[in-house]
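These notes concern the structure reproduced below.
In this text, all values refer to a predicted model and were calculated from it rather than measured experimentally.
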Amino acid sequence: MIDDRGPVVHQALLIHRLIELRRGQGLTQERVARSLEWSHAKLMRYEGGTQVLPKADLDALLDLYRVLGTAQGRKLQEIGRRARDKPWWYPHRHALTIEERYYVGLEMGAARIRQCAPALVPGLLRTRDYAHAVCSMVDPGGEVERLVEVLMGRQGMMLTRSPVPEQVYVLDEAVLRRVVGGPEKPGVMVRQLHHLVERSASVQLRIIPEEAGLHFGALGGFTLFDFDEGLPPVLHTEHRGRVVASKKEEDVHSYTEAFGRLVEEHALDACRSLALIEHHARRLQSRGGASPDTGGEEKGAHAKGVGSFPAGDLLAVSEPRPPPPPLFSVGFGSE
């Protein structure tokens with residue numbers, strides 16, 4: 001079934017299937033390129049995901065692999081068409097880096113998302129005001145409004161996907177204590193905490209309490225994306241302002257085990273996690289934060305001694321970002 005997973009993941013799925021076909025017929029890249037009078041580099045770009053397949057070249061491969069005109073070939077043509085589609089965020093592309101487009105593309109097509117967030121609320125769980133505060137700090141005077149709109153769009157797309165992907169988030173308690181919005185606007189954080197409570201009905205949310213001490217996630221946030229139909233999972237790690245994308249089996253396995261330990265050995269269970277979020281919301285509100293239904297208005301005196309919040313996690317990845325390896329393409333082909 002072809003669904004709404006977006007062009008990045010459809011491109012990855014198409015590449016995966018084409019490589020399976022080539023290998024199943026015992027063909028090397030060199031032989032395929034020679035048969036189609038292509039350069040070897042051209043086929044490597046296609047199979048490496050750095051270039052989207054135009055329709056004519058896809059049909060040439062399907063013909064060589066003897067599936068053109070068959071049900072299998074027609075399905076691959078449809079996947080190819082969706083891989084060439086422009087994503088929903090295309091009008092905002094100039095506000096996003098290549099790495100952010102790549103991340104959003106993976107997010108859009110994942111079957112499961114597991115994220116460890118030691119510093120800030122994950123992007124998909126943020127309120128508009130919280131997101132605005134973070135974007136304003138990371139890019140003051142820049143594309144703040146457009147970045148916030150992209151984030152709200154990501155959230156909307158996630159809620160309307162069919163099926164909705166499984167989502168598991170592990171947050172450090174420091175995320176709950178950090179008054180994003182500043183002491184002059186504590187209501188921003190109060191509403192964010194109440195929003196987390198609401199979202200806990202549809203996602204798995206686990207909190208690592210301060211008493212747990214040092215844990216693996218404190219070294220840097222990371223996200224694990226899992227996909228259907230045999231696509232390998234992808235790991236995004238964050239450390240010292242750098243993000244690295246990897247689908248190496250040993251990397252994914254290591255972080256998958258680490259995530260499991262965070263959930264089983266460090267984080268509170270779902271009920272106690274929810275109670276801790278509610279506790280921090282009441283604490284902040286009692287010290288002068290606005291109630292969750294006051295919109296953008298702030299009331300009362302601000303809390304004393306609250307800390308500032310660090311940069312990064314603009315779109316769940318950190319600045320600056322080195323170019324990711326060409327796992328899946330984020331380019332857009334033509335018919």
Side-chain angles (χ1 to χ4, degrees), residues 103 106-107 110-126 130 134 165-180 189 192-226 233-284 305-318:
Y103 185 98
L106 295 180
E107 178 184 83
R112 180 170 62 164
I113 300 170
R114 290 170 289 174
Q115 184 173 353
C116 172
L120 292 169
V121 172
L124 292 177
L125 303 181
R126 293 176 186 171
Y130 186 105
V134 174
E166 177 187 356
Q167 298 168 64
V168 186
Y169 299 98
V170 174
L171 280 62
D172 193 285
E173 187 179 356
V175 175
L176 311 181
R177 288 186 173 276
R178 183 167 290 114
V179 187
V180 171
M189 195 63 201
Q192 176 62 71
L193 294 173
H194 281 278
H195 184 66
L196 288 178
V197 172
E198 294 171 0
R199 293 292 284 119
S200 68
S202 55
V203 303
Q204 298 181 51
L205 194 55
R206 305 290 290 275
I207 308 298
I208 300 177
E210 291 179 340
E211 292 77 10
L214 188 63
H215 56 83
F216 184 86
L219 302 177
F222 62 92
T223 305
L224 289 157
F225 294 108
D226 295 297
V234 178
L235 165 71
H236 269 252
T237 58
E238 305 168 41
H239 182 57
R240 294 183 179 178
R242 296 193 54 170
V243 120
V244 178
S246 175
K247 60 177 180 179
K248 293 181 180 179
E249 186 175 349
E250 58 270 28
D251 293 340
V252 172
H253 179 73
S254 174
Y255 275 81
T256 297
E257 286 196 333
F259 191 87
R261 289 194 300 271
L262 290 176
V263 171
E264 298 298 328
E265 301 175 12
H266 296 281
L268 301 174
D269 62 30
C271 290
R272 289 192 294 166
S273 293
L274 183 60
L276 186 57
I277 297 170
E278 292 173 333
H279 163 75
H280 282 290
R282 290 192 301 270
R283 174 188 60 81
L284 185 57
V306 292
S308 60
F309 52 97
D313 196 30
L314 176 58
L315 289 174
V317 291
S318 300

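Rounding to the nearest 0.5 Å places CG of Leu276 at 11.5 Å from CD1 of Ile208. Atom OG of Ser200 is separated from atom NE2 of His195 by 10.5 Å, given to the nearest 0.5 angstrom. The structure places CG of Leu262 at 12.0 Å from CD of Glu257, a figure rounded to the nearest 0.5 Å. Rounded to the nearest 0.5 angstrom, Ser273 OG and Gln204 CD are separated by 11.0 Å. Between atom CG of residue Asp172 and atom CZ of residue Arg177 there is a gap of 10.5 Å, rounded to the nearest 0.5 Å. His194 NE2 to Leu196 CG: the interatomic distance, rounded to the nearest 0.5 Å, is 10.5 Å.
The salt bridge (charged side-chain N to carboxylate O under 4.0 Å, His left out) contacts involving residues 194-206 comprise nothing, where partners must be two or more places apart or lie in separate chains.
In this structure, the side chains of Leu224 and Pro233 stay at 4.5 Å or more apart for every pair of heavy atoms. Residues Leu124 and Ile113 form a side-chain contact, since some pair of their non-hydrogen atoms from C-beta on lies under 4.5 Å apart. A heavy-atom distance below 4.5 Å is not found between the side chains of Val170 and His266. Contact of the Leu171 side chain with the Pro122 side chain is registered, since non-hydrogen atoms from C-beta on lie closer than 4.5 Å. Considering only heavy atoms from C-beta on, Val244 stays 4.5 Å or farther from Asp251 through its side chain.
For His279, the NE2 atom counts as densely surrounded, since its 6.0 Å shell holds more than 12 non-hydrogen atoms of other residues, nucleotides or ligands. Within a 6.0 Å sphere centred on CD of Glu250, heavy atoms belonging to other residues, nucleotides or ligands number more than 12.
A donor atom on one side chain and an acceptor atom on the other are not found under 3.5 Å apart for His215 and Glu265. No hydrogens or angles considered: nothing links the side chains of Gln115 and Gln167 as a donor-acceptor pair under 3.5 Å.
In terms of modelled atom types and a separation under 3.5 Å, the side chain of Arg126 and the main chain of Val121 share a donor-acceptor contact. At distances below 3.5 Å, not a single donor-acceptor pair connects side-chain atoms of Ser246 with backbone N or O atoms of Leu235. A donor-acceptor pair under 3.5 Å links the side-chain atoms of Gln192 to the main chain of Leu125, judged by distance alone.
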Derivation of the side chain to side chain contact (heavy atoms under 4.5 Å, CB included) call for His280 and Met189:
CA-CA 10 Å; His280 282 290; Met189 195 63 201; over 6 Å; no
For Glu107 and His236, run side chain to side chain contact (heavy atoms under 4.5 Å, CB included): C-alpha distance rounded to whole Å, both residues' side-chain angles, the deciding distance at 0.1 Å, then the answer.
CA-CA 11 Å; Glu107 178 184 83; His236 269 252; over 6 Å; no
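Remark: Arg112 pairs with Asp226 by the salt bridge (Lys or Arg N to Asp or Glu O under 4.0 Å) rule, at least two apart or across chains. Legend: residues meeting salt bridge (Lys or Arg N to Asp or Glu O under 4.0 Å) with Arg261, ordered by chain and number and at least two apart, are absent.
Considering every non-hydrogen atom in both Pro118 and Ala218, the closest pair reads CB-CA, 4.4 Å.
Note: Phe259 and Phe222 have perpendicular aromatic rings, judged against thresholds of 30 and 60 degrees for the angle between ring planes.
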